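Naming convention: chains lettered A, B, ... in sequence-line order (proteins, then strands); numbering from 1 in each chain. Here the structure is a predicted model, which is why all the values come from computation and not from measurement.
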2 protein chains.
Amino acid sequence: MTQTDTKTRLLDAAESLFSQQGFANTSLRAITTAAKANLAAVNYHFGSKEALLRAVLERRLLPLNQQRSNRIDQVLTEAVMSEAIPGTEALVRAFVEPTFAFRRNSIGSSEFISIVGRAMTSADPAVRDLFLALIHPLINKLHLALCLALPHLPSKLIFTRLFFTMGAMGHCICLSGFSQMFKDNSDSNPEDDDFMTNNLINFVTAGLEAPC
Amino acid sequence: MTQTDTKTRLLDAAESLFSQQGFANTSLRAITTAAKANLAAVNYHFGSKEALLRAVLERRLLPLNQQRSNRIDQVLTEAVMSEAIPGTEALVRAFVEPTFAFRRNSIGSSEFISIVGRAMTSADPAVRDLFLALIHPLINKLHLALCLALPHLPSKLIFTRLFFTMGAMGHCICLSGFSQMFKDNSDSNPEDDDFMTNNLINFVTAGLEAPC
DNA sequence: AACCATTTAAAACGATCGTTTTAAATCTGT
DNA sequence: ACAGATTTAAAACGATCGTTTTAAATGGTT
């Protein structure tokens with residue numbers, strides 16, 4: 001390989017363009033041009049445009065989900081060791097913090113995360129179903145862990161609140177035009193990022209623990 | 001006019017198809033076929049596909065926003081009359097309840113609301129900017145009202161929490177595939193709807209009122 | 001009756017799309 | 001050096017897209 005893998009360059013370009021314009025609005029020609037690759041390269045390496053999207057999602061989401069899953073296990077283990085029930089905020093942190101830390105890792109990660117934030121509620125089944133299949137086991141694990149943390153609340157209610165949590169986080173993650181409504185200065189610094197993360201954790205923890 | 005306005009039938013068909021497939025994935029041919037109108041009818045009545053989207057959004061969002069705005073004013077007036085600060089939950093209800101009530105009005109309304117839920121975070125600027133321009137004044141009013149309700153919290157924090165609130169509500173509103181992860185039975189009844197609405201209000205009220 | 005807005009029909013415009021094909025060139029590992 | 005995988009180039013495939021045009025038909029109003 002000369003510089004970087006063509007396959008990697010295609011993934012990077014697709015990731016960036018999907019996050020900026022969405023899946024349906026991004027053509028293979030735009031992707032291959034940005035990746036300085038041949039038009040046929042996508043179908044050669046991945047088979048189809050949809051398979052490229054799957055590869056883009058899996059490349060980063062599988063490790064991230066593994067990380068989040070490990071941290072949930074860690075909270076549960078610590079709870080067992082100390083013979084206590086797991087804390088709601090600790091579980092929320094286990095889920096949220098890796099996501100935002102991951103986002104700061106690189107520019108590519110940041111762009112990727114905004115794809116994920118939108119995929120959840122995408123009107124396009126090709127996008128939505130792909131994401132839901134990747135996140136489904138993790139959500140189930142988090143749901144069960146939250147049931148342990150909030151034993152006085154019914155399972156169904158906890159799932160509904162988890163549903164709201166995902167909405168708040170997904171919205172936060174893809175930084176819609178909403179945030180520009182408040183602040184004129186559009187450049188975001190790490191401080192704002194920490195501010196967002198901590199406030200999100202406070203917000204959803206309070207919502208999850210609210211009296212029934 | 002024979003039965004219903006062609007213009008109205010086009011709006012109804014576009015509303016339904018946009019909510020099911022998204023804006024980019026819906027062709028004018030699909031819309032005009034569903035509306036039993038001529039292909040040229042869209043460009044005759046509205047000028048372009050994007051202008052049709054604007055008309056679809058404005059038809060229902062302008063009255064809905066007026067309704068939400070009136071209810072916020074009502075809460076603020078009552079607070080002044082009783083020489084108290086407005087309640088957070090009352091303001092949340094003023095914003096959320098008309099939305100869900102509106103959704104139950106008709107099948108068309110339900111489909112429309114899911115367009116709105118997605119528009120907020122859409123990758124397509126044509127969709128997102130259109131929605132943000134329509135909602136901007138209402139969000140500012142709600143933000144100011146919440147600052148009165150939560151005088152001990154800084155304005156910036158309240159806006160961030162309002163941001164999360166919009167995310168939770170938007171996610172809830174377009175009922176993504178998420179809800180199908182929990183329940184096998186997919187038909188939703190009014191009870192589930194009330195359950196969702198009340199839990200959403202509890203959730204975001206607790207989040208907004210959380211200690212700093 | 002005449003007028004004007006509305007609607008239909010059908011066809012075509014140029015453009016873009018995902019995908020496939022063909023062929024030659026380049027690189028990689030043994 | 002040879003074989004096989006990778007990459008490039010260029011062109012074409014059929015399909016769909018938003019939009020425009022032309023013409024004829026229909027409708028209601030004055």
Side-chain angles (χ1 to χ4, degrees), chain A residues 1-59 115 119 122-130, chain B residues 1-59 115 119 122-130:
Chain A
M1 60 195 77
T2 51
Q3 32 172 352
T4 44
D5 233 332
T6 297
K7 216 165 164 177
T8 302
R9 291 203 316 277
L10 286 173
L11 287 171
D12 289 339
E15 180 174 73
S16 174
L17 290 172
F18 286 163
S19 82
Q20 290 167 27
Q21 321 173 3
F23 178 70
N25 281 325
T26 302
S27 69
L28 291 182
R29 284 167 178 84
I31 294 171
T32 51
T33 299
K36 291 177 183 172
N38 191 266
L39 169 59
V42 166
N43 284 282
Y44 174 78
H45 283 291
F46 301 96
S48 70
K49 188 187 178 187
E50 193 175 324
L52 172 63
L53 173 65
R54 172 181 284 108
V56 166
L57 283 179
E58 287 181 348
R59 176 172 65 149
I115 303 180
S122 171
D124 189 343
V127 179
R128 192 183 56 236
D129 295 347
L130 217 53
Chain B
M1 59 196 76
T2 51
Q3 32 172 352
T4 43
D5 233 332
T6 296
K7 217 166 166 177
T8 303
R9 290 202 318 274
L10 286 173
L11 287 172
D12 289 339
E15 180 173 73
S16 174
L17 290 172
F18 287 163
S19 81
Q20 290 167 27
Q21 322 171 2
F23 178 69
N25 280 325
T26 302
S27 69
L28 290 182
R29 285 167 177 83
I31 294 170
T32 50
T33 299
K36 291 177 182 172
N38 191 266
L39 170 60
V42 167
N43 284 281
Y44 174 77
H45 283 289
F46 300 97
S48 70
K49 188 188 178 187
E50 193 175 325
L52 172 62
L53 172 64
R54 172 182 285 106
V56 166
L57 283 179
E58 287 182 347
R59 177 173 63 150
I115 302 180
S122 172
D124 188 344
V127 179
R128 191 183 56 236
D129 295 347
L130 216 53

Item checked: Runs of at least three Watson-Crick or G-U pairs with DNA chain C, cut-off 3.5 Å -> C:3-5 with D:26-28, C:9-17 with D:14-22, C:19-22 with D:9-12, C:26-30 with D:1-5
Item checked: Sole candidate of B:Thr33, B:Leu39, B:Leu10 that passes side chain to side chain contact (heavy atoms under 4.5 Å, CB included) when paired with B:Leu28 -> B:Leu39
Notebook entry, point to check: Taking atom C1' of D:dT20 as reference, at what distance in whole Å does atom CG of B:Leu28 sit?
Noted result: 13 Å
Notebook entry, point to check: If only side-chain N and O atoms of A:Tyr44 are considered, is one of them under 4.0 Å from the OP1 or OP2 phosphate oxygen of D:dT7?
Noted result: no
Check: Taking the nucleotide of DNA chain C with the closest heavy atom to each, which residue, B:Thr6 or A:Asn43, is nearer the 5' end?
Finding: B:Thr6
Notebook entry, point to check: Would you say B:Arg54's side chain and B:Leu130's backbone share a donor-acceptor pair under 3.5 angstrom?
Noted result: no
Next item on the list: For residues B:Phe46 and B:Leu53, determine if any side-chain heavy atom of one lies less than 4.5 Å from a side-chain heavy atom of the other.
Entry: no
Next item on the list: Take atom CD1 of B:Ile31 and atom C1' of D:dG18, then tell me their distance rounded to the nearest Å.
Entry: 11 Å
Check: Within the structure shown, what part of the strands sits under 4.0 Å from B:Thr26 by heavy-atom distance: base, sugar-phosphate, or nothing?
Finding: sugar-phosphate
Next item on the list: For residues B:Leu11 and B:Glu58, determine if any side-chain heavy atom of one lies less than 4.5 Å from a side-chain heavy atom of the other.
Entry: no
Item checked: For the student: nearest non-hydrogen atoms of A:Ser122 and A:Arg128, plus distance -> O-NH1, 2.9 Å
Item checked: B:Lys49 side-chain N/O to B:Thr26 backbone N/O, donor-acceptor pair under 3.5 Å -> yes
Note to self: Rounded to whole Å, please give me the gap between CZ in A:Phe46 and P in D:dT6.
What the structure shows: 12 Å
Notebook entry, point to check: Rounded to the nearest Å, what distance is computed from the NZ atom of residue A:Lys49 to the C1' atom of nucleotide C:dC17?
Noted result: 8 Å
Check: Are any non-hydrogen side-chain atoms of B:Arg59 and B:Thr8 less than 4.5 angstrom apart?
Finding: yes
Next item on the list: Determine whether A:Phe23 and A:Ile115 make a side-chain contact, defined as any pair of heavy atoms from C-beta on separated by less than 4.5 Å.
Entry: no
Next item on the list: Considering just the side-chain nitrogens and oxygens of A:His45, establish if one lies under 4.0 Å of OP1 or OP2 belonging to D:dT7.
Entry: yes
Between the protein and nucleotides 9-16 of chain C, which nitrogen or oxygen pairs come in under 3.5 angstrom?
residue, atom, partner, partner atom, Å
C:dA9, N7, B:Asn38, ND2, 2.9

Notebook entry, point to check: Taking CZ from A:Arg9 and C1' from D:dT6, how many angstroms apart are they, rounded to a whole number?
Noted result: 12 Å
